[in-house]
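Every heavy atom of this structure was used, including side-chain atoms; hydrogens, water molecules and symmetry mates were not.
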Number of protein chains: 2
Amino acid sequence: MSLTHIQSFVAVAEECNVSRAARRLHLTQPPLTRHIQALEDELGARLFERTRGGMRLLPAGEAFLCHARRILAEVDAALLTVRDVAGSRTGG
Amino acid sequence: MSLTHIQSFVAVAEECNVSRAARRLHLTQPPLTRHIQALEDELGARLFERTRGGMRLLPAGEAFLCHARRILAEVDAALLTVRDVAGSRTGG
DNA sequence: CAATGTTACGATACACGTAATCATA
DNA sequence: TATGATTACGTGTATCGTAACATTG
């Protein structure tokens, strides 16, 4: 599991479409497909249903999406907090 | 930023010692040193004070530690939740 | 010499993008 | 043919571990 895979998953879940998610992430489709496959493999569960028009979340995928967003939010918070603490070192 | 770097950071913070953290992570010292350096570089802040006997958290490091633990906990929770949802698919 | 962390360097593994493939209508 | 995802394959980068280095007592 990696943060990159998690970001890819969230993008695909929100776009319901690998191609659009790829554009949004400035990536091509193949790596994105592989990210999803790696997650599904590691979690031992299918996260998306592959439909004619794109990707649709399965129950396991919806469950994972909640956590995925919290993980990314926590990473953002970590970045902000550390920069804040370090930036205010002398500023008081 | 990667989950591996975050795991390394937490181990070093808890052991106050790169060598012990490396053993705990089944790794050697150099990659661990580089993980910490990469984090410090990316965050733009020094996380540890290098002392004679090992590593000691600086304020920015303590701030980051809180978030780091939450990120890892959230990842664990994601694993458990997804496996639970997927496992109970037919079990009712 | 013994213990700490760091840097240099070569081998391996990972991840990308292009191109080709499968499926649907 | 057009749109969607996936697989095959070559290449560039990242990451590891060993070995060498610097610091401290």
With sequence neighbours excluded, residues passing salt bridge (Lys or Arg N to Asp or Glu O under 4.0 Å) with Glu74(B):
Arg70(A)
Check side chain to side chain contact (heavy atoms under 4.5 Å, CB included) between Arg50(B) and all other residues, then give those that pass, not counting sequence neighbours.
Ile36(B), Glu40(B), Arg46(B), Phe48(B), Met55(B)
Return the set of residues passing side chain to side chain contact (heavy atoms under 4.5 Å, CB included) with Pro59(A) (not counting sequence neighbours), or none when no residue passes.
Val85(B)
Expressed in angstrom and rounded to an integer, what is the separation of Arg56(A) atom CZ from dG4(D) atom C1'?
16 Å
Which residue pairs pass the ring-ring contact (aromatic ring centres under 6.0 Å, His included) test when at least one of the two sits in residues 59-80 of chain B, sequence neighbours left out?
Phe9(B)-Phe64(B)
Collect all protein-nucleotide pairs involving nucleotides 22-25 of chain C in which both atoms are nitrogen or oxygen and the distance is under 3.5 Å.
{"from": "dA25(C)", "atom 1": "OP1", "to": "Arg52(A)", "atom 2": "NE", "distance (Å)": "3.3"}

Which of residues 1-17 of chain A sit near DNA chain D, with a heavy atom under 4.0 Å from it?
Asn17(A)
Protein-nucleotide distance (Gln29(B), atom CD; dG17(D), atom P), rounded to Å:
10 Å
Sorted by chain and residue number, the side chain to side chain contact (heavy atoms under 4.5 Å, CB included) partners of Pro30(B) (sequence neighbours excluded) come out as Thr28(B), Arg34(B)
Measure CD/Glu49(B) against P/dT6(C) and give the value in whole Å, please.
13 Å
Compare side-chain N and O positions of Arg50(B) against OP1 and OP2 of dT6(C) and report whether any pair is under 4.0 Å apart.
yes
Arg20(A) CZ to dT3(D) P: how many Å, rounded?
13 Å
Test of understanding: with side chain to side chain contact (heavy atoms under 4.5 Å, CB included), list the residues that count as partners of Glu42(B), not counting sequence neighbours.
Met1(B)
Partner residues of Arg23(B) under the salt bridge (Lys or Arg N to Asp or Glu O under 4.0 Å) criterion, sequence neighbours left out:
none
In whole angstroms, the gap separating P of dG5(C) from CG of Leu27(B) amounts to 14 Å
Give the rounded distance in Å between these two atoms: CZ of Arg46(A) and P of dA5(D).
14 Å
Spell out, yes or no, whether Val10(A) and Leu3(B) are grouped together once hydrophobic residues are joined by side-chain heavy atoms under 4.5 Å, including indirect joins.
yes
How long is the span from the CG atom in Leu39(B) to the CD1 atom in Ile6(B), to the nearest 0.5 Å?
7.0 Å
Does anything in residues 51-66 of chain B form a side-chain hydrogen bond (donor to acceptor under 3.5 Å, both in side chains)? List the pairs, not counting sequence neighbours.
Glu49(B)-Arg56(B)
Strictly below 4.0 Å: does Ser19(B) bring a side-chain N or O up to OP1 or OP2 of dG5(C)?
yes
Between Pro30(B) and Gly53(B), which residue's closest nucleotide on DNA chain C lies nearer the 5′ terminus?
Gly53(B)
Which residues within residues 31-44 of chain B lie with some heavy atom under 4.0 Å of an atom in DNA chain D?
Pro31(B), Arg34(B), His35(B)
Run the salt bridge (Lys or Arg N to Asp or Glu O under 4.0 Å) test against Arg83(B) and tell me which residues pass, sequence neighbours left out.
none
